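One-based numbering, in listed order, for ligands and for the atoms of each. No experiment lies behind these values; they were computed from the predicted model shown.
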Amino acid sequence: MGIKRRTKSVTTMLSIFESGEEALSVVNLVERLKNQMNKTTVYRILERLEKEGAIHSFSGTNGLKWYAKCSQCTAHHHNDIHPHFECKDCGKVECLEVNIPIPSIEDRNIQSVDVLLTGQCTNCMI
Ligand SMILES: [Zn+2]
Ligand SMILES: [Zn+2]
């Protein structure tokens, strides 16, 4: 990976992603880090980590941007073709470890797929 030097802010951000399996929204991250860095820094670090292949982003309901740790990506090969799940009851968002086959469509160059599944998570089904 092309990561040379990491600032304290970058390390802090990464440790948040590494501590859990859940995805985090931009709003959530800004709120969580408000005593350590400003909003602009949060955005800048997220952009950088995404470019490096450490995290990936996707859209949730209402167009909210979410970020999650990448399990198999590198900066050169983004491997994000998996669906995301958003619980309508508790708002939890997570990556689903299943592959979505990309349809090959004539005359179209498909570059990304954004699949959001919504419903109830394990905790909310009871
Ligand atoms: Zn839930
Ligand atoms: Zn994901």
Discussion item. I need the NE2(His56)-the Zn ion (ligand 2)-NE2(His82) angle, rounded to 10 degrees.
Written reply: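 Between NE2 of His56 and NE2 of His82, at the Zn ion (ligand 2), the angle is about 110°.
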Worksheet entry | Shell of protein N/O/S atoms around the Zn ion (ligand 1), taken as anything under 2.8 Å | Cys87 SG, Cys90 SG, Cys121 SG, Cys124 SG
Discussion item. Would the distance check show the side chain of Glu86 and the main-chain N or O of Leu117 forming a donor-acceptor pair, the cut-off being under 3.5 Å?
Written reply: no
Fill in: Verdict with reasoning, Leu33 to Lys39, per side chain to side chain contact (heavy atoms under 4.5 Å, CB included)
CA-CA 9 Å; Leu33 294 163; Lys39 204 171 164 176; over 6 Å; no
Worksheet item: Between Tyr67 and Phe17, what is the ring plane arrangement, given parallel below 30°, perpendicular above 60°, and tilted in between?
Response: perpendicular
Item to complete: Evaluate the ring planes of His56 and His82, with Trp represented by its six-membered ring, and classify them as parallel (under 30°), tilted (30 to 60°) or perpendicular (over 60°).
Response: perpendicular
Discussion item. Between Lys34 and Glu31 (salt bridge meaning N to carboxylate O under 4.0 Å), is one present in this structure?
Written reply: yes
Item to complete: For residues Phe58 and Ala68, report the shortest heavy-atom separation together with the two atoms involved.
Response: CE2-CB, 4.2 Å
